[in-house]
Structure formats: C-alpha cells, structure tokens
Protein chains: 2
Amino acid sequence: MQVSEHRRGPIRSEAARVAILDATARLFETRGYDHLTMEGIAAEAHVGKQTIYRWWPSKGALVADCLLEGRLLVGGYTPADSGDLRADLATWLHVMLTFVERQGGDSLVLSLIAAATDHSDVGARLAEGLGANSLLRARLESGVAAGQLSPERPLEELAEAFVGVALVRALGRTSSSAAEARRIVDAVLGGAAPSAPATP
Amino acid sequence: MQVSEHRRGPIRSEAARVAILDATARLFETRGYDHLTMEGIAAEAHVGKQTIYRWWPSKGALVADCLLEGRLLVGGYTPADSGDLRADLATWLHVMLTFVERQGGDSLVLSLIAAATDHSDVGARLAEGLGANSLLRARLESGVAAGQLSPERPLEELAEAFVGVALVRALGRTSSSAAEARRIVDAVLGGAAPSAPATP
DNA sequence: TATACGAGACGCACCGTCTCGTCTTTCTGT
DNA sequence: ACAGAAAGACGAGACGGTGCGTCTCGTATA
C-alpha cells in the first residue's frame with residue numbers, strides 16, 4: 001500500500017502555477033480584462049496552454065485566483081480616521097472615484113467589473129477587495145464608537161452602498177468632484193450636514 | 001449649386017436600421033451580451049455586415065442605442081406607493097435583486113453591466129434605466145413629501161446608492177431575501193426601524 | 001508506468017475590411 | 001425636360017487575422 005495520496009507520476013509544478021498567476025496579474029493590470037488572452041498568458045509565463053487549461057477552466061477563474069491571493073488591488077485603500085466620519089468617508093469616496101476614472105481607457109476597476117460579470121467569484125470578492133468588509137467597514141465601526149453613526153445601522157450593508165455608488169459612477173464614467181463625494185456621503189448617512197455647502 | 005445637404009446617392013435605409021436594432025435587442029435578451037456577435041446580428045436582421053459597421057462601430061454602441069430607444073429594460077419597474085417608504089423601498093429592492101439573479105447563467109442586468117464596461121453610454125444609461133433618475137426617485141420624492149425622509153438628502157445620490165447595492169449584489173450573485181432587502185433599506189436610510197426585526 | 005510539463009498544430013468562431021453586383025438618389029449636359 | 005453619369009447605400013459573402021479549446025508530440029519526474 002502506498003503512503004502518498006497521489007497516484008503516480010510528477011506532481012503539480014508550483015513554479016508554473018506562480019508564473020501563470022503572475023503573468024495573469026501583470027497582463028490584467030497593463031492591458032485590461034478584455035485584452036487578456038489565454039495564449040498571451042501562456043506566452044508571458046513561458047508555459048504551455050494545456051498547463052493552464054489543466055488547472056483553470058477560464059480566464060475569469062484565473063483572475064478570481066489572482067484576486068484571492070492578493071495579486072490584484074494590493075493593499076487596498078485605507079480610509080483616514082480624523083475623527084470626522086463624514087469627511088473621512090467623503091475623502092475615501094473621492095479617492096475611489098478618482099482611482100476609478102483614471103485614464104481614458106480601461107481602468108482597473110472597470111476591468112474587474114468586466115471580469116466579475118463572467119465569473120461569480122470575482123464579483124463575490126470585488127466588494128471586499130474595495131473595502132466593503134474590511135477597511136471601509138472598520139472606519140464605519142470607528143464612527144459608531146465615536147457616536148457619529150447609529151449603532152442600529154447594519155454596517156455591512158452600509159459599506160456595500162458606498163461601494164455600490166462607486167461602481168455606478170465607474171460604469172457611467174461620471175467624473176466626480178470632492179463636493180460631489182461629500183454630497184453622496186450626506187445622501188446616504190442622512191441630512192445632518194450643515195457644515196459643507198456643496199458647490200460642484 | 002445643390003439645395004440638399006445630402007451629397008448624392010441613396011439615403012440611409014430606415015428598415016435596415018430598425019431590423020438591426022430589433023435583432024440586437026432580441027439576441028441580447030436571449031443569448032446575453034458576451035454571446036452577442038456582429039455576424040449573428042447581421043444574419044438575424046437579414047442584413048450585410050457592412051451595413052452595420054457603416055453606422056455603428058461596435059456591438060457596445062448597438063446595445064447603447066437599443067437602451068436609448070427603450071428596446072431594453074422596457075417599462076422598468078415602478079415601486080409601489082403604500083405610504084410606507086421603507087416597506088416600498090424594501091419591496092423594490094427585493095424585486096430588483098430577485099430579477100437580477102434569475103436563472104443560472106446571464107441575467108439581463110449582468111449582461112447590461114458587461115455591456116457597460118466596454119461602452120460608456122450603456123453605463124451612463126444603466127442607472128437611469130434601473131430607475132435611479134425617474135421611477136425610484138419619484139418614490140423618494142413622495143417619501144419626502146410624506147415627511148418620511150429628510151428634504152436635505154440629495155435624492156439623486158440616494159437613488160444611486162440603492163441601484164449601486166443592487167449592482168454589487170448582482171456581481172456577487174448574492175441571493176437576497178426580503179428581510180435582507182429590508183436591512184439594506186434600514187442601513188441606508190438610518191436606524192429608525194423598530195418594526196421589522198430582520199431574520200434572514 | 002503514469003502523468004505533468006513546454007511547445008505548438010489543428011479546426012472552429014468571430015473579427016473587421018474588402019469587393020462584388022444591384023438599386024436609389026441627385027447632379028450635369030444637352 | 002430628360003437621359004445619362006456619379007455617388008453611395010444595400011445584401012451577400014470572401015478574406016486574412018486572432019483567439020479559442022482540444023489534441024498530440026517528446027521530455028522530465030515521481
């Protein structure tokens with residue numbers, strides 16, 4: 001009786017796996033999702049196409065794995081904590097919207113949305129990658145602790161709303177000023193915002 | 001000297017234009033955006049490929065025109081007005097989320113998001129088509145008139161937040177119950193919701 | 001002996017351009 | 001006025017190019 005659970009022959013090459021995911025992330029960031037091709041990835045990774053198809057069914061699955069291993073959206077963007085929740089959220093949103101609409105062509109976020117439409121795992125991880133479950137949520141919790149936000153509001157869903165607005169603006173290529181970002185924050189959190197008269 | 005602003009030769013065929021847009025809308029709804037092909041549209045419309053390329057640069061532009069002429073998302077979904085803003089919004093959101101995740105494959109909304117990622121006009125019209133600027137906004141205005149919503153909150157941005165949540169859930173294929181929809185509404189509008197204890 | 005690997009050939013689908021022949025509209029010459 | 005001539009939209013489809021997903025080599029490794 002054999003000890004190994006593996007039947008026979010060579011095991012999966014970790015070098016190939018890493019090279020493929022690296023190539024995917026690199027090409028995804030530089031060329032965008034719709035210009036990403038299996039043949040391009042194979043060439044970039046110096047790997048046979050069959051090696052890719054043996055382990056991943058589609059380019060969407062590749063992108064999903066990259067997202068899962070943190071090769072995309074590295075680090076994320078941590079919202080500041082100045083003590084003023086609305087101002088911090090407005091800054092976060094403004095940075096996010098600016099990041100979203102950079103360049104004329106494919107922004108990274110737009111490419112991720114495209115990837116999400118044909119692979120559900122990308123979509124599932126997209127909101128989190130943009131901070132819905134971690135960075136942004138942490139700032140919201142801090143706001144609750146500071147009494148600037150009702151503890152009754154579900155933070156998960158609130159964070160989703162902010163990410164959602166960013167996605168809508170990304171899809172509409174709507175350019176958004178800092179004042180616009182502030183207005184969004186006030187719209188979602190509620191009208192108690194006498195300090196900043198928005199003039200876009 | 002010529003009177004006409006038209007140079008010479010036959011004018012654009014309206015029959016061909018209509019046939020092409022009809023075929024596009026029909027194939028888009030049945031097959032989804034990524035299975036939509038120029039050759040398929042040409043065959044379905046009984047039209048030469050050149051006739052399509054003469055007037056539209058890409059399939060994204062075709063979908064955008066369909067959206068613009070109301071051939072997609074016909075009618076929209078009008079939120080009810082029972083007098084209870086939160087309940088109506090929760091119902092609207094629940095219907096929207098159910099609509100979004102119908103079937104296993106491409107839902108219509110997912111296809112529209114995919115189309116939006118490679119043609120900006122689709123994205124610009126998508127939020128409106130889902131009701132951000134018209135149907136949903138009208139219900140919010142009614143809520144303001146009924147004193148259930150602060151008049152200081154920008155309704156445009158608030159509606160975008162609701163549509164945005166729907167998009168995030170669509171991309172994540174998150175199945176959402178009625179209670180979940182209600183929790184989202186409470187999260188965005190604020191914690192004043194003692195009536196419905198959410199139990200998903 | 002079984003199997004992962006790099007390499008790449010294969011047939012297929014669709015792309016975007018082009019070239020036909022036909023038909024419709026407008027301009028020009030008599 | 002009226003017959004061309006010129007221009008261009010039309011349906012049809014051929015064309016080379018690109019990427020797909022499958023397959024088949026020979027080699028290397030367990």
Side-chain angles (χ1 to χ4, degrees), chain A residues 1-24 26-28 30-65 106 111 114-115 117-119, chain B residues 1-24 26-28 30-65 106 111 114-115 117-119:
Chain A
M1 183 174 183
Q2 59 187 8
V3 178
S4 167
E5 61 204 59
H6 174 51
R7 52 226 171 288
R8 204 164 344 180
I11 61 171
R12 177 174 185 179
S13 162
E14 177 67 13
R17 192 190 133 267
V18 169
I20 290 166
L21 290 180
D22 278 353
T24 301
R26 194 158 49 244
L27 292 175
F28 182 88
T30 55
R31 310 292 318 277
Y33 183 70
D34 53 346
H35 292 110
L36 191 67
T37 68
M38 295 301 243
E39 299 200 334
I41 295 168
E44 176 84 6
H46 304 292
V47 143
K49 287 168 63 177
Q50 191 61 263
T51 302
I52 301 182
Y53 281 109
R54 182 156 28 232
W55 303 107
W56 292 275
S58 64
K59 66 176 184 170
L62 279 167
V63 172
D65 263 19
D106 273 349
S111 272
T117 58
D118 68 27
H119 199 282
Chain B
M1 183 175 183
Q2 57 186 13
V3 178
S4 166
E5 61 202 61
H6 175 48
R7 51 226 174 287
R8 214 192 287 211
I11 60 172
R12 177 175 184 178
S13 162
E14 176 69 10
R17 192 190 133 266
V18 168
I20 289 166
L21 290 180
D22 279 352
T24 300
R26 194 158 49 244
L27 292 176
F28 182 88
T30 56
R31 310 291 318 278
Y33 183 69
D34 52 347
H35 292 109
L36 191 67
T37 67
M38 296 300 243
E39 298 200 336
I41 295 168
E44 176 83 6
H46 303 293
V47 143
K49 287 167 61 177
Q50 191 60 262
T51 303
I52 301 182
Y53 282 109
R54 186 163 17 241
W55 302 108
W56 292 274
S58 64
K59 66 175 182 170
L62 279 167
V63 172
D65 264 20
D106 273 348
S111 272
T117 58
D118 70 24
H119 199 285

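Order of the sequence lines sets the chain letters (A, B, ...), proteins ahead of strands, with each chain counted from 1. It should be emphasised that the depicted structure is a prediction, and the values quoted were computed from it without experimental measurement.
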Starting at [atom1] of [X] and ending at [atom2] of [N], how long is that distance when rounded to a whole Å?
X	N	atom1	atom2	answer
Asp34(A)	dT18(D)	CG	C1'	14 Å
Leu36(A)	dT18(D)	CG	C1'	15 Å
Ile52(A)	dG8(C)	CD1	P	14 Å

Worksheet item: Partners of Arg12(A) by salt bridge (charged side-chain N to carboxylate O under 4.0 Å, His left out), sequence neighbours excluded?
Response: none
Worksheet item: Considering only dC20(D), dC15(C), dA4(C), which nucleotide approaches the side chain of Arg54(A) most closely?
Response: dA4(C)
Discussion item. Side chains of Asp118(A) and Tyr33(A) only: does a donor on one sit below 3.5 Å from an acceptor on the other?
Written reply: yes
Worksheet item: Could you give all pairs that pass the salt bridge (charged side-chain N to carboxylate O under 4.0 Å, His left out) test and reach residues 55-64 of chain B, with sequence neighbours left out?
Response: none
Practice prompt. Please confirm whether the backbone N or O of Arg31(B) pairs with a side-chain atom of His35(B), one donor and one acceptor, at under 3.5 Å?
Written response: yes
Worksheet entry | Where protein sits on nucleotides 23-30 of chain D, one letter per nucleotide: B base, S sugar-phosphate only, - none, heavy atoms under 4.0 Å | B-----BB
Practice prompt. List the atom of Leu21(B), the atom of Trp56(B), and the distance in Å for their closest heavy-atom pair.
Written response: CD2-CZ2, 3.9 Å
Fill in: Any Ser13(A) side-chain nitrogen or oxygen under 4.0 Å from OP1 or OP2 of dA4(C)
no
Worksheet item: At under 4.0 Å, does any side-chain N or O of Trp55(B) touch on OP1 or OP2 of dC10(D)?
Response: yes
